[in-house]
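As structure tokens, the structure follows; a few thoughts come after it.
Counting convention: from 1, in listed order, for ligands and their atoms alike. Source: prediction; values computed, not measured.
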Amino acid sequence: MTVQLSQVLVLCDEWLQPARFKDYCPNGLQVAGSDQISRVVTGVTANVELIKAAIEYKAQAIIVHHGYFWRGDDPCVKGILRNRLALLLEQNINLIGYHLPLDAQPEFGNNQQLANLLNINVTGSMDPTETPGLGLTGSLSVAMQGEQFAQLLNDKLNRMPLHVPGAAKLIKRIAWCTGAAQDYIDRAAELGVDAYLTGEVSERTVHLAREYGLHFYAAGHHATERYGVQALGERLATQLGIEAHFIDIDNPV
Ligand SMILES: [Zn+2]
């Protein structure tokens, strides 16, 4: 099945509502290529390895969570950005990126997907004043020890998390936000949850977790953000009859 690029973009925008977000990068079509789409590759980050894999797969579009043109980036087209753009333009491949909208999408966004994977019942947003909310709160179906939860993360994400043990009590209530949301730990502490889970960690986070008595988990920026874009590709494939293929370019961070 071959569809128009605009059909893909309209559906993505309908599902992800990018206009509702103040983001650090453009959401939607970032680099224009072919008008006709039959194969899409999805991935976490638009690095050169992903582009080469998409070329091999003969995709006309790559959809990612981390695209280009971030606020504060050098706007000049040189170096690594030039190499990546050159490949995309030469091969007439579209680059489509969705950042915060893909974290927050309530049915299949990164945060909801993590809840599904870990069997967490979502109870709300980490910050109800923030619309749309990014981080979520919920409860584990079975309360568990801090080490047990670390093991569960390892089993589900194929990567052992960094765990800063909190108070000795079992984990039942939890807050989480995928990616580099370690500084949301203060908000998690305010909420009185037993554990806070995100992708990345900073030096300061360890001390904060200890002093709050909160279990803290850094389960990987990449590892926690594999699932939203994958689900987006699957939905596009089902809805439009095109092919979508998720390519995991491993990243230990
Ligand atoms: Zn991210």
Side-chain angles (χ1 to χ4, degrees), residues 12 15-18 20-31 41-51 53-54 62-73 80-81 84 95-118 120 122 125-127 130 132-137 153 156-159 161-162 174-188 196-205 216-234 246-253:
C12 286
W15 290 334
L16 294 159
Q17 307 272 311
R20 298 177 69 209
F21 294 82
K22 281 200 187 86
D23 212 333
Y24 317 97
C25 64
N27 284 298
L29 184 63
Q30 293 192 340
V31 180
V41 153
T42 57
V44 178
T45 301
N47 54 61
V48 93
E49 216 179 321
L50 182 72
I51 299 171
I62 302 176
I63 306 180
V64 290
H65 183 47
H66 302 138
Y68 306 149
F69 315 119
W70 298 90
R71 191 197 295 159
D73 276 0
I80 283 174
L81 180 62
R84 292 170 173 181
L95 180 70
I96 299 168
Y98 285 95
H99 182 233
L100 295 181
L102 195 55
D103 289 320
Q105 210 289 341
E107 284 153 49
F108 65 85
N110 284 323
N111 283 302
Q112 181 60 50
Q113 290 285 80
L114 204 55
N116 299 348
L117 200 68
L118 300 170
I120 302 172
V122 177
S125 166
M126 277 185 74
D127 184 357
E130 176 192 70
L134 289 172
L136 297 176
T137 58
L153 286 167
K156 298 291 185 179
L157 299 173
N158 300 315
R159 179 190 179 286
L162 179 138
I174 181 164
W176 66 100
C177 189
T178 62
Q182 60 268 51
D183 289 333
Y184 256 30
I185 190 171
D186 299 306
R187 179 65 195 145
Y196 178 58
L197 161 65
T198 185
E200 291 195 37
V201 62
S202 296
E203 190 272 347
R204 60 185 171 273
T205 327
F216 172 80
Y217 299 88
H221 189 141
H222 173 90
T224 56
E225 295 193 333
R226 281 183 199 123
Y227 303 94
V229 78
Q230 201 168 338
L232 176 60
E234 285 162 12
F246 174 72
I247 297 179
D248 196 24
I249 308 293
D250 187 48
N251 184 334
V253 172

- Might you work through the salt bridge (Lys or Arg N to Asp or Glu O under 4.0 Å) test for R204 and D183, ending with a clear yes or no? CA-CA 9 Å; R204 60 185 171 273; D183 289 333; 2.9 Å; yes
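Using a 4.5 Å heavy-atom threshold, the side chains of Y196 and Y184 count as touching.
For the Zn ion (ligand 1), the N/O/S atoms of D103 include none lying under 2.8 Å. Among the atoms of H99, none of the N, O or S atoms falls under 2.8 Å from the Zn ion (ligand 1). None of the N, O or S atoms belonging to H65 lies under 2.8 Å away from the Zn ion (ligand 1).
Counting just the N/O/S atoms of E225, the one with the shortest distance to the Zn ion (ligand 1) is named OE1.
Between V44 and V64, the closest heavy-atom pair is O-CB, 3.9 Å.
Within the 3.5 Å criterion, the main-chain N or O of A46 finds no donor-acceptor partner in the side chain of H66.
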